[in-house]
Amino acid sequence: MTNMKDSLKRISYLLPSIFIIVIPTVLVYSVSSHMVLYADDYYYATFTRNGASAFLRSCFDHYLTFNGRNLVHLVTWLLLSAGTVLFRYFNPLILLVAFAAASTAFITEERRAVDITAYIAFSMVSVTLIPIETLRESLFWISASSNYVFPAVLIAGTLALLTRDSRVECSDGTLSPFAIIFCIIAGATTEQYGAAAVFLCAAYAFLNRGSRALRRRFTIYAASAFVGLLTVIASPATIGRIAGENIASISPNALSFSERLFSSAVCYAGEGSGFVIVVLYIILTSLLPLFDGRLSRHFGFGWAMSALLTLMYILGRFSENRIFMLIAMLLGLAYISAVGIFHAATDSYRSMGLAALASVLTWVMMMATSSLFPRTTMPPLLLLIFASAGLFTRLMRHCPVISVSTLAAISLAGFAAFVPIIDGYSYNHRLYETNLESLTSGNLVYNIDYDDSCRHLMMHDDGYFNTTYRILFGISSDAKINYISNRMPDIMINGVRLNYPARNVRGKVYFPIREVLESFGGSVDHIEDRTVLTLGSIVVYCNNRTFELYNDTGVLIPGGSGEADKALFLCFTQDVYQNIFGIQTHFDGSAYHMTRENRTSQVIR
């Protein structure tokens, strides 16, 4: 009778968990089903157009000239060979597989179905808590999903492999070729995930140093993962990029270390960041010691830490002061590191601790590069979700009703937040198809009125659009596309409409620099990491990373900064045009008119 009651109780928790899994899975599928191509997608989609030999040649050229991530890009090429059809199934499935694989590493004491479903449910719900600003250029972008989400499956498999082998004493010293190959593949994904794979294997070797057989086994795993990582970082393109960033670090136009630190802080605790995942992890670490005597009660102060970090986040967001974001990042990383080390030293929490430390490692790696974008935060966020879900399943064993109820409430909140996101992607998809039909039919009219909150910002506003997009869809390279907008007025110079309308970014009106300057006889030229703006004898330089303007001696021009998606459509406000180039702007109610009187030669100082 008791066994029947226990079974019924488990079923009563199992069914809600299954239902909770379905909600975020459907949400991710719904968005993915409205996916279109962006930026790199145009480039990778051309690889499979001209047969196997051309594909192999493109892959080799890519490895030499673009980067060394050929393994994950192979997934991209396969997905894009079917347009966007496969991606709608691939995206939710890859998340489910990653979390299911991770559950085998984090649920080791008694693998009950209710624990596994709870782990997957918590993980999937956590993904819906990540703001769209991060998801739109990681999970909801085909090329980025292959780079920043797919490798999580291999990391989860690595953790499962390490956990399994650590519980089996292999005195005969035999090694599975499959395990070695798997570790090589796990290391050969991306720089962040590859480093995480090496770290996890090396950490298991260190923590099992008392067993000669296990130490040897995990050391070989670590070496295998490192070999895989070498295939990525030894690419001539990767070496060139790293060298370029290091050389650029001494340039006045480059991101200094302090600037990289602050930029990382914005990604960590700024608007649109996955900061809620960090706070959720800290709250879980503070709750568990109340129920599990194996954990130190000292981590009960996590409540205070989460409150402090939340305060820093709020202050940073509303004051736009990056100091608060930096404090939140440094405190958060320090806390996660401390808890991760303690958990790693506790046998039953080892995988959770190491996943948290791997999350910190992948985050710190961001600071060593200039590639500081929301998408690069996805690896540390997913690794932290791995650890958090493991903690949640432990907590659920002690207070199941509260845990399941809270998770259900969060999933419903995620559903409510995703409804407008689905609508936005659906609208963008329809407009994308309309524009594509217009361009391929020879009409050459392109409407830019996309919902910018629900797209990656390199759809038409990037160099790929003028190159590989045209190749992919058979549009002549010299065909002039007429950009239109029903939301923003046209720009007129000397009675001629410019090809690109004004842009409204966060309430400010911007005008495209290239078309404006060329209309007045000026020029826009790109030199390495800067853009040279010339009008008569006025010469101004633009930092392509920060879009700040400075003169020929490297001194910043007060009030001179722009907004852009890429240099192709670098834009500035009317104040910059007037104060620096002497160009006046007048709005007559339907269009912006830009004029310039004859001006004496000058050089901005």
Side-chain angles (χ1 to χ4, degrees), residues 34-49 58 62 65-66 73 76-77 79-80 83-84 87 136-138 140-147 373 375 424-425 427-488 490-491 498-505 510-516 518 524-526 531 542 544 547 562-571:
H34 295 299
M35 202 53 49
V36 298
L37 304 185
Y38 307 114
D40 302 54
D41 295 342
Y42 305 143
Y43 167 62
Y44 292 126
T46 63
F47 280 41
T48 57
R49 290 173 57 87
S58 297
H62 174 275
T65 61
F66 203 82
H73 288 143
T76 305
W77 299 323
L79 290 173
L80 290 172
T84 60
F87 185 70
R136 71 187 177 196
E137 60 173 80
S138 56
F140 299 134
W141 174 20
I142 297 176
S143 296
S145 180
S146 302
N147 278 265
F373 303 103
R375 59 180 174 270
Y425 273 92
Y427 164 78
N428 283 347
H429 183 263
R430 294 193 300 271
L431 183 57
Y432 176 90
E433 293 295 335
T434 300
N435 283 332
L436 180 59
E437 181 180 357
S438 171
L439 296 181
T440 54
S441 65
N443 192 22
L444 299 179
V445 174
Y446 191 98
N447 191 321
I448 64 171
D449 290 339
Y450 289 102
D451 182 345
D452 289 341
S453 65
C454 295
R455 72 177 181 100
H456 178 43
L457 297 180
M458 290 196 295
M459 178 179 285
H460 58 273
D461 22 30
D462 180 78
Y464 285 112
F465 184 77
N466 262 3
T467 53
T468 49
Y469 178 92
R470 292 174 180 257
I471 295 173
L472 181 63
F473 295 112
I475 302 169
S476 174
S477 60
D478 57 358
K480 187 175 182 180
I481 297 175
N482 181 29
Y483 299 94
I484 64 171
S485 171
N486 298 321
R487 301 173 182 172
M488 290 300 298
D490 291 334
I491 305 171
L498 294 193
N499 195 43
Y500 201 79
R503 296 178 62 230
N504 190 320
V505 181
Y510 290 82
F511 305 88
I513 190 69
R514 178 180 293 278
E515 277 202 285
V516 172
E518 289 181 350
V524 177
D525 301 296
H526 303 296
T531 300
C542 177
N544 287 347
F547 306 122
E563 183 79 22
D565 301 313
K566 282 291 180 180
L568 178 66
F569 292 133
L570 182 61
C571 300

request  = Determine, step by step, whether Leu436 and Phe473 satisfy the side-chain contact (heavy atoms from CB on, under 4.5 Å) criterion, reporting the C-alpha distance in whole Å, the side-chain angles of both residues, the deciding distance to 0.1 Å, and the verdict.
outcome  = CA-CA 8 Å; Leu436 180 59; Phe473 295 112; 3.5 Å; yes
request  = Could you please spell out the steps behind the side-chain contact (heavy atoms from CB on, under 4.5 Å) verdict for Phe511 and Leu498?
outcome  = CA-CA 10 Å; Phe511 305 88; Leu498 294 193; over 6 Å; no
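- Put simply, the side chain of Tyr446 does not reach to within 4.5 Å of the side chain of Ser438, judged on heavy atoms.
- Side-chain atoms of Asn482 and Leu444, non-hydrogen and from C-beta on, never get closer than 4.5 Å to each other.
- The structure places CG of Asp41 at 8.5 Å from CZ of Phe87, a figure rounded to the nearest 0.5 Å.
- Of all heavy-atom pairs spanning Phe140 and Met35, the tightest one is O-SD, 3.2 Å.
- A distance of 10.5 Å separates OH of Tyr42 from OG1 of Thr467, quoted to the nearest 0.5 Å.
- Arg514 places none of its side-chain heavy atoms less than 4.5 Å from the side chain of Thr531.
- Of all heavy-atom pairs between Asp449 and Arg487, the closest is O-NH2, 3.2 Å.
- Shown here for Leu80 and Leu37, the closest heavy-atom pair between the two residues is CD2-CD2, 3.6 Å.
- Aromatic ring pairs are classed by plane angle as parallel below 30°, tilted from 30° to 60° and perpendicular above 60°; the pair Tyr43 and Phe47 is perpendicular.
- Contact annotation: the side chain of Ile484 never approaches that of Ile448 to less than 4.5 Å [non-hydrogen atoms, C-beta and beyond].
- Closest of all the heavy-atom pairs between Gly424 and Asp451 is CA-OD2, 3.6 Å.
- With contacts defined as side-chain heavy-atom distances shorter than 4.5 Å, the pair Asn428/Val36 does not qualify.
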message = Asp40 vs Tyr464, test: side-chain contact (heavy atoms from CB on, under 4.5 Å). Steps then yes/no.
response = CA-CA 7 Å; Asp40 302 54; Tyr464 285 112; 3.6 Å; yes
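- Nearest heavy atom pair, residue Glu515 against residue Asn499, reads OE2-N, 2.8 Å.
- No side-chain heavy atom of Arg455 sits less than 4.5 Å from a side-chain heavy atom of Tyr432.
- Side chains of Arg430 and Tyr427 form a contact here, defined as non-hydrogen atoms less than 4.5 Å apart.
- Going from atom CD1 of Ile481 over to atom CG of Leu439 covers 5.0 Å, rounded to the nearest 0.5 Å.
- In this structure, CG on Asn447 lies 6.5 Å from OG on Ser485, to the nearest 0.5 angstrom.
- Aromatic ring orientation, Tyr38 versus His456: perpendicular (interplanar angle above 60°, classes split at 30° and 60°).
- The side chain to side chain donor-acceptor pair (under 3.5 Å) test applied to His62 returns Tyr44, Asn70, His73, not counting sequence neighbours.
- Between the CG atom in Leu79 and the OG atom in Ser145 there is a gap of 7.5 Å [rounded to 0.5 Å].
- Between Ile475 and Tyr469, some side-chain heavy-atom pair lies under the 4.5 Å cut-off.
- Taking both residues in full, the closest heavy atoms of Ala39 and Trp141 are given as CB-CZ2, 4.0 Å, listed atom of the first, atom of the second, then distance.
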